[in-house]
Number of protein chains: 4
Amino acid sequence: MNPRPARTAVTKQKLFDAALRLLGERGAAEVTVDEIASAAGVAKGTVYYNFGSKDALIDALLRHGVDLLAQRLRPADDTAEPVEHLVGAALEFFRDYPAFGQLLVSEMWRSPGQWHGTLSLLRDDIVAIFKQVIQRSAEQGKLPEGVQAGTASAALFGTLLVVALDWQVFQPDRSLDQVRDSVMLLVRGVSPHPR
Amino acid sequence: MNPRPARTAVTKQKLFDAALRLLGERGAAEVTVDEIASAAGVAKGTVYYNFGSKDALIDALLRHGVDLLAQRLRPADDTAEPVEHLVGAALEFFRDYPAFGQLLVSEMWRSPGQWHGTLSLLRDDIVAIFKQVIQRSAEQGKLPEGVQAGTASAALFGTLLVVALDWQVFQPDRSLDQVRDSVMLLVRGVSPHPR
Amino acid sequence: MNPRPARTAVTKQKLFDAALRLLGERGAAEVTVDEIASAAGVAKGTVYYNFGSKDALIDALLRHGVDLLAQRLRPADDTAEPVEHLVGAALEFFRDYPAFGQLLVSEMWRSPGQWHGTLSLLRDDIVAIFKQVIQRSAEQGKLPEGVQAGTASAALFGTLLVVALDWQVFQPDRSLDQVRDSVMLLVRGVSPHPR
Amino acid sequence: MNPRPARTAVTKQKLFDAALRLLGERGAAEVTVDEIASAAGVAKGTVYYNFGSKDALIDALLRHGVDLLAQRLRPADDTAEPVEHLVGAALEFFRDYPAFGQLLVSEMWRSPGQWHGTLSLLRDDIVAIFKQVIQRSAEQGKLPEGVQAGTASAALFGTLLVVALDWQVFQPDRSLDQVRDSVMLLVRGVSPHPR
DNA sequence: GATGAATGAGCTTTCATTCAT
DNA sequence: GATGAATGAAAGCTCATTCAT
């Protein structure tokens, strides 16, 4: 956006990049501000000058990451297979930012956690996009009776998160297409509906 | 078994119980050994006498918890609906030990993590049980073509984990039956198979 | 002495042996009671049953060791070369109990030390023996004028301690005879007296 | 040299001074980092910021102290009585830093000790200076036949260490001159050479 | 006589945060 | 804007000591 990014913007980006990698790998509590600063190539004081505190840095990072994810997920009006698009886009995002998935999953359900508040809100943003897509499917009769769009959205998001992490950690040599196809098969039902 | 459990066994159990609750609620790094000890009603030194280190305590706890889960999951030979049993048993377990699910999910995919090695092994134990059940379904023709039992097992386990946590954290007033039914609907397919 | 050494005496000896080795190698503060007990093949409580405290064990050990040394140093009435006997006997002792020399040297001059009181007394016992021998030499005119027997005794004891340790640690392949001869040469004067 | 010593250099010096005194008085294991920091007038964290660990502080201290000693010992080219200079300079040093002698003597011969490696090297530096002086004496025929300069150097250094400590601890009211004269008498021979 | 599980004061070390430069 | 030396509260861990068995 900004054609001449202020020095600050550059510094913040360097800190984001470094923090994302380290926090994803080892968890928020296991990473020190010293490490983040030195991985970003700046002095420790700079973290505090730019973000105020370690928590605020992580908070900003989570918001930034979820924004990126939401951008990628939002389907165009004419997307042919919206569910498939969702699955593909989510997997793509977690492939590009594997650390972010690890960060999300380890903070999302920590009820009295530092970032539980922030994450609840962010999660709602994401789930809302899923819900919108799934509801459209339902209107077209593609959803089995009895399945609530809200529940299904939350579950699908969680499943994608977990599948993406499993892919990165335990089966890194599978291709995006393979994983997306597996998920689509699952989405279409592991166990058949009783007739 | 042992009618007169050694003093040390009682102490270890008290520490397990206290640690399981605290670590799940707040994450391994957020809980101090002091807190665990005092929640267990023993002195701090007792933790070190019995487990050697905080990490070793957590390691032992993860193994213990996964053993419990595996016991509950294993179906009897004559279980009528094995997949349904799996889903119900897993949800029951995470309802009974909500803390454990949080601990699992925040450590499972941390690739260079402290407990990644331990958890990889434990994950394999659980997934193997899922696979066995799903394979039996497949033999009965209940599995859609193209779905690999391995992939499906891992994904189903992850999904259950995520759904159980979502249930505990974001929708604690839903009943086990409601949640199990939702999952079963999902398992049978959110998006119908193309005919 | 006691033909049927009580169990206690055996246990105490095992503890002495283990403690002497460990304390010499690493210093009193670096060795734990656990280590001493387990090196002696007894339980930790046994140390306290027999000695009351770690300090008391070390105290007893120092007294015992100095007694042994004093026994070896004391010359017979008809010893031909008493100074040479002293040097030889001291070196022999420190060769047999190298750990004891290390223990002595690291505690002897620690002025507010735990065992400074005990060691001051013990040192006096040893220095008195040296003094007796040197004084006899002086009466035979073998001592240069101006040398005080007290100073000389203390210095000779210290020198022997240091030389014995240097021998054990930095030149362990020299023989006792070689070392004794070196010391005797030194004792007879590195720098000749001005005539 | 540096007219405006960096803040860190000043802090390190304060820590050296405080540590030297306390460690010598009570031994490395008996002194806490808290004590060192507060004696130096800085916070505990500052010790770790500047030295990394307690062991590293002691290591640095040993190197620093030995450097000081070596500087003092090295004779000018025209020193009239080099052996006497050596004796005087060493005693002076240990009078000025009584703590350092205690530290040296209690760590020097601890073979698997924490600082044995460091101290072996440092000892070699010092002994080399002694050797140089004694060899010069030997060339002038001042050394009795059969005495090896290496052995004599090591022994003389050890003796000076021990004498200086004995002086500080057991006879603190003797003057430097008195002690130096006693040592010189000893050096010239306690026991006369056989004619 | 001997044991070893349990204790808790006190240690070393870490690290988010501050602030003078 | 940025720095990094300094801080001190709080953490993990050690270990001499106790005591019920």
Side-chain angles (χ1 to χ4, degrees), chain A residues 6-12 29-38 41-57, chain B residues 6-12 15 29-38 40-57, chain C residues 6-12 29-38 41-57, chain D residues 6-12 15 29-38 40-57:
Chain A
R7 202 163 25 140
T8 289
V10 174
T11 301
K12 278 190 166 158
E30 305 295 339
V31 177
T32 70
V33 175
D34 261 301
E35 287 173 311
I36 295 172
S38 112
V42 302
K44 179 159 44 169
T46 305
V47 176
Y48 288 86
Y49 183 80
N50 281 285
F51 291 97
S53 76
K54 182 187 178 182
D55 280 6
L57 164 61
Chain B
R7 190 154 54 129
T8 189
V10 174
T11 301
K12 275 188 167 150
L15 281 167
E30 309 295 339
V31 176
T32 69
V33 174
D34 262 304
E35 286 173 311
I36 296 172
S38 106
V42 301
K44 181 167 32 176
T46 304
V47 176
Y48 289 90
Y49 183 79
N50 280 285
F51 291 97
S53 76
K54 184 184 176 181
D55 279 6
L57 164 61
Chain C
R7 199 155 34 133
T8 289
V10 173
T11 301
K12 277 189 166 160
E30 306 294 341
V31 177
T32 69
V33 175
D34 261 303
E35 286 172 312
I36 295 172
S38 111
V42 301
K44 180 158 45 167
T46 305
V47 175
Y48 289 86
Y49 183 79
N50 280 284
F51 291 97
S53 78
K54 183 187 178 182
D55 279 6
L57 164 61
Chain D
R7 191 156 50 129
T8 189
V10 174
T11 302
K12 275 189 165 146
L15 280 167
E30 310 295 340
V31 177
T32 69
V33 174
D34 259 305
E35 286 172 313
I36 295 172
S38 106
V42 301
K44 182 168 29 178
T46 305
V47 176
Y48 289 89
Y49 184 80
N50 281 285
F51 291 97
S53 76
K54 183 184 177 181
D55 279 7
L57 165 59

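What you see is a predicted model; the values in this text were computed from it and never measured. Below, chains carry the letters A, B, ... as their sequence lines are ordered, and counting in each starts from 1.
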| said: To check you understand the geometry: which heavy-atom pair defines the closest contact between Leu15(B) and Thr46(B), and what is its length? | reply: CD1-O, 4.4 Å
| If you take atom types as modelled and just measure distance, does the side chain of Lys44(C) reach the base of dT3(E) with a donor-acceptor pair under 3.5 Å? | no
| request: Would you indicate, yes or no, if dT14(E) has its OP1 or OP2 atom less than 4.0 angstrom from a side-chain nitrogen or oxygen of Tyr48(D)? | output: no
| Paired with dT14(E) by Watson-Crick or G-U wobble geometry, both distances under 3.5 Å: which nucleotide is it? | dA9(F)
| CD1 of Ile36(A) versus C1' of dA16(E): gap in Å, rounded? | 11 Å
| Taking only N and O in the side chain of Thr11(A), is any of them less than 4.0 Å away from OP1 or OP2 of dA2(F)? | yes
| field | Along DNA chain F (nearest heavy atom to each residue), the more 5'-positioned of Gly45(B) and Gly45(D) | value | Gly45(D)
| query | When we call it a touch if two heavy atoms are under 4.0 Å apart, what does Thr46(A) touch: a base, just sugar-phosphate, or nothing? | reply | base
| query | Which whole-number value in Å describes the distance from Phe51(A) CZ to dT17(E) P? | reply | 14 Å
| task | Give the rounded distance in Å between these two atoms: CD of Glu30(C) and P of dC11(E). | result | 14 Å
| request: Report yes if at least one side-chain N or O of Thr32(B) is closer than 4.0 Å to OP1 or OP2 of dA10(F); otherwise report no. | output: no
| note | On DNA chain F, more 5' by nearest nucleotide between Ser53(B) and Ala29(C) is Ser53(B)
| Which atom names give the shortest non-hydrogen contact between Ala56(C) and Phe51(C), and what distance separates them? | CB-O, 3.1 Å
| field | Separation of dA16(F) P from Asp34(C) CG (nearest whole Å) | value | 8 Å
| Distance in angstrom units between Leu57(A) CG and dT17(E) C1', rounded | 14 Å
| task | Starting at CG of Leu57(B), measure out to NZ of Lys12(B) and round the result to the nearest 0.5 Å. | result | 10.5 Å
| said: Applying a 4.0 Å non-hydrogen cut-off, can you work out what Val47(B) is touching in the nucleic acid: base, sugar-phosphate, or nothing? | reply: nothing
| said: Looking at dA20(E), which nucleotide sits across from it as a Watson-Crick or G-U wobble partner, both distances under 3.5 angstrom, or is there none? | reply: dT3(F)
| request: First locate atom NZ of Lys44(B), then atom CD of Glu35(B), and finally report the distance between them rounded to the nearest 0.5 Å. | output: 11.0 Å
| field | Nearest-neighbour nucleotide for the Lys54(D) side chain, dT7(F), dT12(E), dG12(F) considered | value | dT12(E)
| Does Asn50(A) put a side-chain nitrogen or oxygen below 4.0 Å from OP1 or OP2 of dG1(F)? | no
| Atom CG of Asp55(C) to atom P of dA16(F): distance rounded to whole Å? | 10 Å
| query | If every non-hydrogen atom of Lys54(A) is compared with every non-hydrogen atom of Val31(A), which pair is closest and at what distance? | reply | NZ-O, 2.7 Å
